[in-house]
Amino acid sequence: MAEIRYIKAVNQALADAMEADPTVFLIGEDIGAAGGSFKATRDLLEKFGPERVYDSPISEAAITGMAVGAALTGMRPVVEIMFMDFTTLSMDMLVNQAAKARSMFGGQGSVPMVLRTPHGGGLNAGPQHSQCLEAWFAHVPGLRVVCPSNPADAYGLLRAAIDDPDPVIVVENKALYAMKGDLPDDREPIEIGKGRIVRPGRDATVVSYGAAVAMAETAAETMAEEGIEVEVIDLRSIQPWDEDLVLESLTRTHNLVVAHEAVEAFGVGAEIVARMADIGFDQLDGPILRVGAPFAPSPFGKTLEDAYRPDASRIVAALRRTLA
Amino acid sequence: MAEIRYIKAVNQALADAMEADPTVFLIGEDIGAAGGSFKATRDLLEKFGPERVYDSPISEAAITGMAVGAALTGMRPVVEIMFMDFTTLSMDMLVNQAAKARSMFGGQGSVPMVLRTPHGGGLNAGPQHSQCLEAWFAHVPGLRVVCPSNPADAYGLLRAAIDDPDPVIVVENKALYAMKGDLPDDREPIEIGKGRIVRPGRDATVVSYGAAVAMAETAAETMAEEGIEVEVIDLRSIQPWDEDLVLESLTRTHNLVVAHEAVEAFGVGAEIVARMADIGFDQLDGPILRVGAPFAPSPFGKTLEDAYRPDASRIVAALRRTLA
Amino acid sequence: MKLEDRAKLHRQMLVIRRAEERLQKLFSDGHVPGFLHLSIGQEAVPVGVSQALTERDTVSSNHRGHGHTLAKGVDLKGFFAEILGKATGLCKGRGGSMHVADLSKGMLGANGIVGAGLPITTGSALALKMQGQGHVAVVYFGDGALAEGVLHECLNLAALWKLPILFVCENNGWSEFSPTERQLATSLDKLAKAFGIQYSAVDGNVVAEVAAASTRLVKAMRKTPAPAILECSTTRVRGHFEGDRQDYRDGDEIASLSERDPIRLSASAMAKAGGTPEMLAEIADAVDAEIEAATQAALEAPLPSSADILADVYTKVAG
Amino acid sequence: MKLEDRAKLHRQMLVIRRAEERLQKLFSDGHVPGFLHLSIGQEAVPVGVSQALTERDTVSSNHRGHGHTLAKGVDLKGFFAEILGKATGLCKGRGGSMHVADLSKGMLGANGIVGAGLPITTGSALALKMQGQGHVAVVYFGDGALAEGVLHECLNLAALWKLPILFVCENNGWSEFSPTERQLATSLDKLAKAFGIQYSAVDGNVVAEVAAASTRLVKAMRKTPAPAILECSTTRVRGHFEGDRQDYRDGDEIASLSERDPIRLSASAMAKAGGTPEMLAEIADAVDAEIEAATQAALEAPLPSSADILADVYTKVAG
Ligand SMILES: Cc1ncc(C[n+]2csc(CCOP(=O)(O)OP(=O)(O)O)c2C)c(N)n1
Ligand SMILES: Cc1ncc(C[n+]2csc(CCOP(=O)(O)OP(=O)(O)O)c2C)c(N)n1
Ligand SMILES: [Mg+2]
Ligand SMILES: [Mg+2]
């Protein structure tokens, strides 16, 4: 077990995958010589050379589309889009091409590409550099979406994404890049589609992913002081998500809160709630509540962004309300 | 009251809005001389001239962005994107620019633009010409989204969208373009954000929009034969949607099904359910069920597309299950 | 060009022509679901290009892709079945006319999104260059696609990274119902110059011209990877899609197109090179039989089972 | 150019320079949230361009937009307060450095998305042309933005529809941490030729050159609407953003930039035209006072109230 930062875990996963498979290559803006805006690709150009690490012009649509074409031609490209907000420029290639190629070609082949991109606020990066848009991609059949909440998961989920024969969007969280955590020595991929119980509890379940996992843990600690035991689930994977794990937890706790950093309305949480309001309905003792960002663009100013981003206290408030 | 087709109602709304306000203008591919791929803009070039109706090159990103800039410069542009699938090319301009300009500039101005685009299947148009992507836009603060289910609403909602000071996505349904219905003589705008009870009932509520409204009505008829009275709500507007109306209906019927043509997972229905599983929880007598497309790209072949698209029988099945 | 080579190209063009004429008939008889964009009048382009390619070279296409597909050697039966939406189609009836693909033949798909083939093929060319076997990638696109921004991004990337990609523009003067000249303030030769990409223009209805240029350009890029542009002036004879009555087009213009008919031109070139009427008739008969067999097989094939809706969305089920 | 005009431009450049130097200090003291991209070394471009514009002309900008904003006559106090994220900011602290806008001055916003200003401004130019008052639109963008496809779409549309838009490229040779020459196989003069758009290149660090070219181009397009491109070679002195140590850049290169310092060049041009040291000192003092006042006001201004989170998302509440 080595302690490692989230961003370094990403870097390690890329290096290990490139080492293991010569068809893996990287493409993105300033990822080569500069090692990436957040340094996820530091030293990889030196290590693997310019034939495996492509510093691209500012052409998001083209580089995403090139990944589709390269994947259809036997390679395993990993694209970096510098901020998730810029995936707005890659949508045709992701949604109409990468996601659909396998199904629309009758299963003839697959598109083993990965698109890594950071979402989330906390850096006062303003409305065009803070968005959490994962709900869009989760709505698109053919895409997989994962969102690691800690360094070990950042490693394992990225390895799994690169191994996956189909296109995977790896949503990193820029506020977590500096987070430290243990990376297991065996450095195994983490199965896509499986969540994890981060903290067991019997009174209520909080389902979360990404930066919201730590908020949920803090909320659980607060509640524990009052004798209320909250189970915290980290989904890890958003598409597909671990319905069985959430349902199983709900059958024990009978109360559910879903928390994420993205805008609440029409966000990922809506789907979790909607499924549980169907298949888990009989297990529910109270309303299912969501915690997410309010319906406004992510504001720049400090007081505004602080108030905008969900936090542990809002999860606590939701827990109190559903348990009331 | 004149009987009119859905597509003609769109055309009439455009003509009336252009007549009423000289700042309204149209831009889109083949909308001028050809009158639009679906003929929504037929005769408008002749009537208003090339300074009000712009036949554009195949440049979706640019024409959407031009609408943003023109709107910020005192005009009221109406963009046509030929198929909703092609809005993948307009996402930066819609999401990062149009939606955010007002808030991010501190309320200095607004972006009174409209983007009209048809969604939906039924024409065997295949995976890249059938998608229903409205959930994406509903997740974006700053955008409004409406989806008319009949000719009168196609007229009234488009007029309201053009009058609206903020950006509005008008999602038309291509399978409904030939639908006939009455257009009231007064030709008034229909308030954005208000739904409508299409058919009153006491035993269960079906919330729907677009092409699913007629399916819900058929389902209600089927259930009525068995003495079960189903209330059918047409949301009309998806962002914002009429939470009060749905909640009020639920407090009477205590059973809820949400139906739409879009992919079920992470779709619009998830948000409706999630809100009701919160604020309407105490009113629920049974699980809330959704009816939507399965998690696959919209297939081309006839048997496949027929099986893929939701229909009245699936709404009936959902009603039976929640009432069971 | 030798007579037998001419005959081979002629035969391929005729396969495309007859296939599309048959599809046209099947469409008006209600057998073809969805949109059908025919490339009648444009057959010389893909046939001329493909003779320079191997199975390991890749191509990608657009909405008007039947010729590109067939010329790449894709199975005719699977092709017909796909367009009729049958279970035996190349894409199991899930793609249709706008999405026919055959990855085993390096055919990466037709495409319903104008311009989308450009980055896909640019990426394929990058992969082929990395693999270092001298294979090349070809993208077919129309003159209408010249307005899409992704063209600019791809010309830049292909030139910058010296990728072995042949950009083949089928310039038929039309973008749906609009003359392309009203949509463009530029042209491909000017763009080629701006990006320093080798550019050739040919009469796209003369298969030998297309073939000669393609052979030359592809040969060069196999040796030294670098992009090239081939602009083929050609003729869209039918409407944008079947059902389009072309009211917006001058009747005389359409009528005059037959003089530039690539198959007619190829037939007379063959005659000049010593080809006999019998030879042409033999080819025509063989083609007709082949088309008829594929058509019948497609008509008789089963529709896809609605139970297959969720199949093939992912390679394996996760979670 | 007359001395008093030179002095005016010099003063404006100095306002931008001192404002950014002050922001740099405020940033390192922890007063500036988020990213800060400084345009030190590039001040002559917006000042030279803006002197040709009126308040009714529109401009839009990119991530490095402080100069573009101030040169368009935007209030200095509101500007500082915005960048410090204060309630009194031009955007009430919701936008910050990358999103300063002042619609009342025709400043349609800085932008965090590379290339996004291009279609917005093209649309503004269309609106201005429709309004027929002879106003023009100006878009500022960097050389890195030349790789984005939307540039192609906008050059085409502006040329096709003869829109009164001035495309101003600030070519500083860098795109973040990469030399732009490694990202581009083309250049703006070549693209201009491809689209038939009038093109001028100037030394972007000589304000009189920028001003003369801008005046000429803007005057022409007020009379007869048509696009033009102005490419300004200029110098990014600081890192891509504050905090960037520029390890990737040759130290000598950065040092040598001071010779091309637009403010130094403007000062010596003034001296040649008869300007006295006292005159320059007077300007400098006035500017310093102005900057200090704006800084103090911004520092003392209240932070936005968190109760305002949902304000201004929509003009009115619907439903
Ligand atoms: C992104 C996108 N925009 C618009 C369309 C609709 N559309 C289909 S074909 C076409 C015209 C294409 O013209 P061209 O590229 O010249 O091909 P041609 O039909 O002439 O072969 C248009 C606008 C589309 N399919 N995709
Ligand atoms: C669409 C998009 N891609 C990438 C970025 C990240 N980014 C910000 S500035 C920049 C470089 C811009 O270079 P240039 O346009 O030359 O402007 P300069 O910084 O030199 O003034 C990049 C890549 C972005 N903001 N938007
Ligand atoms: Mg064409
Ligand atoms: Mg630059």
Side-chain angles (χ1 to χ4, degrees), chain A residues 60-61 85-97 99-100 103-104 126-128 131 133 135-142 239-240 258 262-282 284 286-290 293-297 299-300 322, chain B residues 60-61 85-97 99-100 103-104 126-128 131 133 135-142 239-240 258 262-282 284 286-290 293-297 299-300 322:
Chain A
E60 288 78 8
D85 316 69
F86 310 164
T87 61
T88 48
L89 295 160
S90 302
M91 292 302 279
D92 171 52
M93 287 299 144
L94 288 172
V95 173
N96 288 327
Q97 315 299 334
K100 298 186 178 19
S103 159
M104 132 181 118
Q128 293 172 344
Q131 289 165 91
L133 302 171
W136 288 356
F137 299 108
H139 187 43
V140 178
Q239 181 57 263
V258 184
V263 164
E264 179 182 316
F266 298 88
V268 165
E271 178 65 23
I272 318 288
V273 175
R275 276 307 280 166
M276 292 303 133
D278 176 349
I279 59 175
F281 183 75
D282 293 337
L284 288 167
I288 319 181
L289 301 189
R290 288 176 293 164
F295 204 62
F300 158 73
T322 192
Chain B
E60 287 79 8
D85 316 68
F86 309 164
T87 60
T88 49
L89 295 160
S90 302
M91 292 302 280
D92 170 53
M93 287 298 144
L94 287 172
V95 173
N96 288 328
Q97 315 300 333
K100 296 183 177 26
S103 158
M104 132 181 118
Q128 294 173 344
Q131 288 167 91
L133 302 171
W136 288 357
F137 300 108
H139 188 43
V140 178
Q239 182 55 265
V258 185
V263 164
E264 178 181 316
F266 297 88
V268 165
E271 178 65 24
I272 317 288
V273 175
R275 276 305 281 166
M276 291 305 132
D278 176 350
I279 59 175
F281 183 74
D282 294 337
L284 288 168
I288 319 181
L289 301 189
R290 289 176 293 164
F295 204 61
F300 157 72
T322 192

Return the set of residues passing side chain to side chain contact (heavy atoms under 4.5 Å, CB included) with Ala138(A) (not counting sequence neighbours), or none when no residue passes.
Ile238(A), Gln239(A), Phe266(B)
Any side-chain heavy atom of Lys100(A) sitting closer than 4.5 Å to one from Gln131(B)?
yes
In terms of heavy-atom contacts, Asp278(A) and Ile288(B) come closest through CB-O, 3.5 Å
Highest number of heavy-atom pairs under 4.5 Å with chain B: which of Met93(A), Glu264(A), Met104(A)?
Met104(A)
Spacing of Thr88(B) atom OG1 and Gln97(A) atom CD [to the nearest 0.5 Å]:
8.5 Å
Evaluate the side-chain proximity of Pro141(B) to Val263(A): yes if any heavy-atom separation is below 4.5 Å, no if none is.
yes
Can you tell me how far the CG atom of Leu133(B) sits from the CE atom of Met91(A), to the nearest 0.5 Å?
8.0 Å
For the backbone of Trp136(A) and the side chain of His139(B), can you confirm whether one donor and one acceptor N or O come within less than 3.5 Å of each other?
no
Can you list the steps and then say if Glu271(B) with Glu271(A) is a side-chain contact (heavy atoms from CB on, under 4.5 Å)?
CA-CA 7 Å; Glu271(B) 178 65 24; Glu271(A) 178 65 23; over 6 Å; no
Mind checking side chain to side chain contact (heavy atoms under 4.5 Å, CB included) for Ala99(A) and listing every partner two or more places apart, or none if nothing turns up?
Val140(A), Leu143(A)
Assert top hit (heavy-atom pairs under 4.5 Å, partner chain B, pool Pro294(A), Gly286(A), Ala293(A), Pro299(A)) equals Gly286(A)
Side chain, backbone, both or neither: which part of Leu284(B) has an atom under 4.5 Å from a heavy atom of chain A?
both
Which residue out of Asn96(B), Ile272(B), Val273(B) racks up the most heavy-atom pairs below 4.5 Å with chain A?
Asn96(B)
Measuring heavy-atom distances to chain A, does Pro127(B) have an atom under 4.5 Å in its side chain, in its backbone, in both, or in neither?
both
